[in-house]
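Notes follow the structure.
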Amino acid sequence: MRNRFGTAAAIALMTTVGAVLLSACGPENSGSDPTAAPGGNVSATSSPGGTAPGGTARPSSPAPGAKEVNGTSAANHLTISTGTRTVAMNGTTVDFGTAVRDLAWSPDGKRAAFVNGDGDLVVAGPDGSGKVTLARNPGGETWSHPTWQHAAKSPGDLPESADRFDAVVFSAAKGGVLRLEKIATKNVGGTPEVLTPHNSEGGNENMPQPPQTGNTWSNAGGQRGEIAYANTPAGEVYLYDDYIRPATRDLGKGSQPALSPDGEHIVFVRAVNGHDHLFSRSTQSDQKAEKDLTPAATTDYTEPAWSPDGATIAARTPDGVSTVPADGSAAPAPVSTVKGLPAYRP
């Protein structure tokens, strides 16, 4: 089903109906984050594996009598987090010793960030060892979908200066209000700060500022650490760049955005004729043409992720995970029956 959200009433309703699942929604709800709050969108084709209210892990399993196809390998770099203790990777499953929701890899692939069963933001090694609680949930909030924002120092920076960005950005829902929050990876056990996408004061004074609430599903990428995110009420995808001078651009209707490794392209979800499709476009302001990567979709393609080489996009479906060439040169192909959030480990 496809519902409108953004009000406390809707959130309360869905909290009583069921757990929050990692699944996309239609054009009425583009920009929503189904993992961000109790009462996020739940599609008719939703599968277990995402953040659930109260920190309840929801296991993923194949259909009765069917043999599960892992579909991950060291060669394809694909990993799948299912909301349980185990993460599919390298053709097997790795037990992290705690519920793993919305797993995201650091740019060097040496660390994983995720939300644990207590709703805290945790960082760990690829085998689940060395877990560190980067930020502890204060209670009354639902955290979801972390992403790594990294940008190395510029050539002109002093040798002793730190990288421009080395932080984790995530969605936080409290009292029905969605915001993006951010915490530097060096601030272990620190308090996250609210991220406020805006336009520089030195820019055009007549330029409207982007909305500060309703923001969710952030995804960082590129050499400058740009952040793509969705705004639930507007049903829009935005790109925020604060590397030098803060600037925010509206990239159009959609939800669940993901930036390519080089930051030059973005893929996002939009409903077409009753199914969730994957669309891509350049992040350049003068190149607005969009391409439907799944024009013949007979199922929903959601929660996209880019391969490290930028050639392939993985997406969740009701039956598992499929991949499609980033240039749309071929139809999507199922690669795994594991139902969860796809992510690529660099």
Side-chain angles (χ1 to χ4, degrees), residues 2-25 28-43 46 48-58 81 83 99-104 113-122 133-147 167-183 191-197 210-220 227-238 240 255-257 269 302-303 341:
R2 303 175 185 275
N3 296 318
R4 294 180 181 271
F5 292 92
T7 66
I11 291 174
L13 174 62
M14 292 307 297
T15 301
T16 55
V17 171
V20 180
L21 304 181
L22 281 168
S23 178
C25 62
E28 306 91 350
N29 203 23
S30 293
S32 68
D33 180 358
T35 71
N41 179 65
V42 181
S43 169
S46 295
T51 303
T56 302
R58 308 196 114 226
S81 57
V100 176
R101 301 188 182 92
D102 307 349
L103 180 145
F114 57 91
V115 177
N116 70 3
D118 294 324
D120 301 329
L121 182 63
V122 176
T133 301
L134 188 59
R136 196 170 300 278
N137 194 312
E141 298 186 15
T142 301
W143 292 357
S144 65
H145 210 272
T147 183
V168 173
V169 180
F170 60 96
S171 300
K174 181 179 181 180
V177 179
L178 295 173
R179 299 183 189 272
L180 299 181
E181 295 194 6
K182 175 179 177 178
I183 185 169
T191 301
E193 62 178 285
V194 175
L195 183 68
T196 56
Q212 298 301 298
T213 61
N215 296 328
T216 186
W217 203 280
S218 57
N219 182 267
I227 301 172
Y229 66 95
N231 181 266
T232 303
E236 300 283 318
V237 171
Y238 290 85
Y240 179 51
S255 65
Q256 303 177 9
V269 176
T302 62
E303 302 162 19
L341 179 74

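Just so it is clear, the model here is predicted, and its values are computed rather than measured. Just so you know, residue 1 is the first one in the sequence shown, and it goes up from there.
Of the inter-residue distances, the one linking Thr196 atom OG1 with Leu180 atom CG reads 10.0 Å to the nearest 0.5 angstrom. Atom CG of Leu134 and atom CD1 of Ile183 lie 4.5 Å apart (nearest 0.5 Å). Rounded to the nearest 0.5 Å, atoms CZ (Phe170) and CZ (Arg179) are 13.0 Å apart. Atom CG of Asp102 is separated from atom CG of Leu341 by 6.0 Å, given to the nearest 0.5 angstrom. Put simply, OG1 on Thr133 and CG on Asp118 are 8.5 Å apart, with the number rounded to the nearest 0.5 Å. Taken to the nearest 0.5 Å, the CD atom of Glu236 stands 12.0 Å off from the CG atom of Asn215.
Residues passing the side-chain contact (heavy atoms from CB on, under 4.5 Å) test with Glu141 are Asn137, Pro138, Trp143, Ala172, Lys174, Glu181, sequence neighbours excluded.
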Checklist entry - When you look at Thr216 and His145, which way does the side chain to side chain contact (heavy atoms under 4.5 Å, CB included) test go after all the steps? => result CA-CA 8 Å; Thr216 186; His145 210 272; over 6 Å; no

Next on the checklist: Using side chain to side chain contact (heavy atoms under 4.5 Å, CB included), reason through Ser255 and Val237 one step at a time and then give a plain yes or no.
Outcome noted: CA-CA 6 Å; Ser255 65; Val237 171; 5.7 Å; no

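Among all heavy-atom pairs drawn from Phe114 and Leu103, the shortest one is CB-CA, 4.0 Å. Taking all atoms of both residues into account, the shortest heavy-atom contact from Ala99 to Gly83 is CB-O, 3.8 Å. The two residues Thr213 and Asn231 make their nearest non-hydrogen contact at O-ND2, 2.9 Å.
Side-chain contact check for Tyr229 versus Leu195: every heavy-atom pair is 4.5 Å or farther apart.
The main-chain N or O of Pro210 is found under 3.5 Å from a side-chain atom of Gln212 such that the two form a donor-acceptor pair. Panel note: side chain Thr147, backbone Ala220; a donor-acceptor pair is recorded below 3.5 Å. One N or O on the side chain of Ser171 and one on the backbone of Trp217 form a donor-acceptor pair closer than 3.5 Å.
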